[in-house]
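Each remark here refers to the structure printed beneath this line.
By convention in this document, chain letters (A, B, ...) are assigned in the order of the sequence lines, proteins followed by strands, and residues within each chain are numbered from 1. Owing to the predicted nature of the structure, the values given are computational and were not obtained by experimental measurement.
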Number of protein chains: 2
Amino acid sequence: MSDLLERLRGRGWRMTAQRRVVAEVLDGEHVHLTADEVHARATLRLPEISRATVYNTLGELVSLGEVLEVATDRRAKRYDPNAHRPHQHLVCAQCGAIRDVHPSGNPLADLPDSERFGFTVSDVEVTYRGICPACAG
Amino acid sequence: MSDLLERLRGRGWRMTAQRRVVAEVLDGEHVHLTADEVHARATLRLPEISRATVYNTLGELVSLGEVLEVATDRRAKRYDPNAHRPHQHLVCAQCGAIRDVHPSGNPLADLPDSERFGFTVSDVEVTYRGICPACAG
DNA sequence: ACTTGACTTAGACAAAGTCCATCGTAGGAT
DNA sequence: ATCCTACGATGGACTTTGTCTAAGTCAAGT
């Protein structure tokens with residue numbers, strides 16, 4: 001799926017070997033990688049790529065709306081390449097595994113104006129927590 | 001409200017000056033403080049209290065279910081003394097301010113069995129994001 | 001092919017939190 | 001009231017995750 005690369009090129013993204021590799025890593029595996037995991041995988045293809053570049057590129061992809069940042073705790077942020085279809089996350093409290101889920105309903109609509117305290121609310125993030133089948137034994 | 005201190009003592013918590021001060025700081029202000037903010041306030045009453053002790057005590061309070069940890073991004077975790085009444089959070093994307101909110105509806109019910117992948121789902125955390133009035137100018 | 005400004009790099013730096021060896025003390029035992 | 005001792009506190013080193021900077025490199029338009 002080099003749709004991603006095409007879209008980026010179409011937006012005037014200057015294409016470099018480093019950016020291509022980072023985009024391909026994210027596009028290739030639909031799992032939720034940390035920045036360091038992206039760096040590790042990128043290094044396999046482009047051994048000299050730097051950490052800073054991986055962070056910069058991930059940040060750009062997030063700004064462009066091509067990738068979502070998922071912060072479930074104070075550990076490393078994870079990057080979710082499934083940005084085009086809205087979804088929420090189901091996290092195993094024991095092993096940390098993450099699955100994309102698609103709940104019914106619109107949680108934004110559940111927050112009445114009287115509970116918005118003057119905020120301009122633009123987004124809602126729902127994290128379900130539980131025990132995955134593997135951990136439940 | 002030294003209900004908290006009473007409860008802790010009743011549970012066999014060994015009472016020290018440091019723990020009392022941390023518990024009082026949390027119990028006194030129903031805002032969402034970071035560990036460093038708790039430390040700063042505790043230091044006013046007990047100047048020699050260490051950071052490690054504040055971290056340890058906060059961790060114990062969380063384990064005991066008296067305080068909730070709120071990790072909204074990769075900034076510092078915040079500690080929420082309002083653990084007895086279920087609620088969700090509204091976060092300012094700019095300054096990080098947090099408000100408790102009470103949405104209508106039950107998000108747990110919005111996750112159909114077909115989207116649970118065999119997980120035993122026990123909890124859901126909803127974070128609304130936006131810009132607070134102060135940051136909006 | 002040249003030029004230029006955007007991109008990359010290594011490493012220093014920073015924020016938040018954890019770990020550890022050692023010292024101190026709360027609270028039961030005497 | 002004093003003593004004991006296991007539990008708690010301390011400060012500093014360390015770790016993890018991420019940001020910043022100055023200097024070098026290169027993609028792409030001309």
Margin query: Walk me through whether B/Arg11 and B/Glu66 qualify under side-chain contact (heavy atoms from CB on, under 4.5 Å).
Written below: CA-CA 12 Å; B/Arg11 294 216 215 177; B/Glu66 294 290 349; 3.2 Å; yes
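- Taking the 5' to 3' direction, DNA chain D first and last meets chain B under 4.0 angstrom from a heavy atom at D/dA6 to D/dG18.
- One N or O on the side chain of A/Arg116 and one on the backbone of A/Leu111 form a donor-acceptor pair closer than 3.5 Å.
- Counting to the nearest Å, the C1' atom of C/dT9 and the CD1 atom of A/Ile49 are 11 Å from each other.
- Classification of the A/His89-A/His32 ring pair by plane angle, with boundaries at 30° and 60°, yields perpendicular.
- Using a 4.0 Å heavy-atom distance criterion, B/Ala52 is classed as a base contact.
- Rounded to an integer number of Å, the gap from B/Asn56 CG to C/dT18 P is 9 Å.
- Atom P of nucleotide C/dT18 and atom CZ of A/Arg75 are separated by 11 Å, given to the nearest angstrom.
- In terms of phosphate contacts, A/Gln18 brings a side-chain nitrogen or oxygen within less than 4.0 Å of OP1 or OP2 of C/dT9.
- More than 12 heavy atoms of other residues, nucleotides or ligands shown are found within 6.0 angstrom of CD on B/Glu48.
- Within the 4.0 Å cut-off from OP1 or OP2 of C/dA16, not a single side-chain nitrogen or oxygen of B/Thr34 is found.
- For C/dA16, its base never sits under 3.5 Å from the side chain of A/Arg74 at any donor and acceptor pair.
- The residue B/Thr53 sits close to a base: some heavy atom pair falls under 4.0 Å.
- Dashed line: the shortest gap from a side-chain N or O of B/Tyr55 to OP1 or OP2 of C/dG17 is under 4.0 Å.
- Between the side chain of B/Arg51 and the base of C/dG17, at least one donor-acceptor pair of N or O atoms lies under 3.5 Å.
- The nearest heavy atom of DNA chain D to A/Ala35 and to B/Leu46 marks one nucleotide each, and the one closer to the 5' end goes with B/Leu46.
- In the displayed structure, A/Arg75 atom CZ is contacted under 6.0 Å by at most 12 heavy atoms of other residues, nucleotides or ligands.
- Salt-bridge check for A/Arg19 with A/Glu60: passed, with a basic side-chain N closer than 4.0 Å to an acidic carboxylate O.
- Looking at B/Glu69 and A/Arg74, no side-chain N of the basic residue comes within less than 4.0 Å of a carboxylate O on the acidic one, giving no salt bridge.
- As rounded to whole Å, 13 Å separates atom C1' of C/dA14 from atom CG of B/Asp36.
- Of the two residues near DNA chain C, B/Tyr79 and B/Arg9, the one whose nearest nucleotide lies more 5' is B/Tyr79.
- One atom, CZ of B/Arg78, and another, P of C/dA16, lie 10 Å apart when rounded to the nearest Å.
- Taking atom NE2 of residue B/His39 and atom C1' of nucleotide C/dA15, one finds them 15 Å apart after rounding to whole Å.
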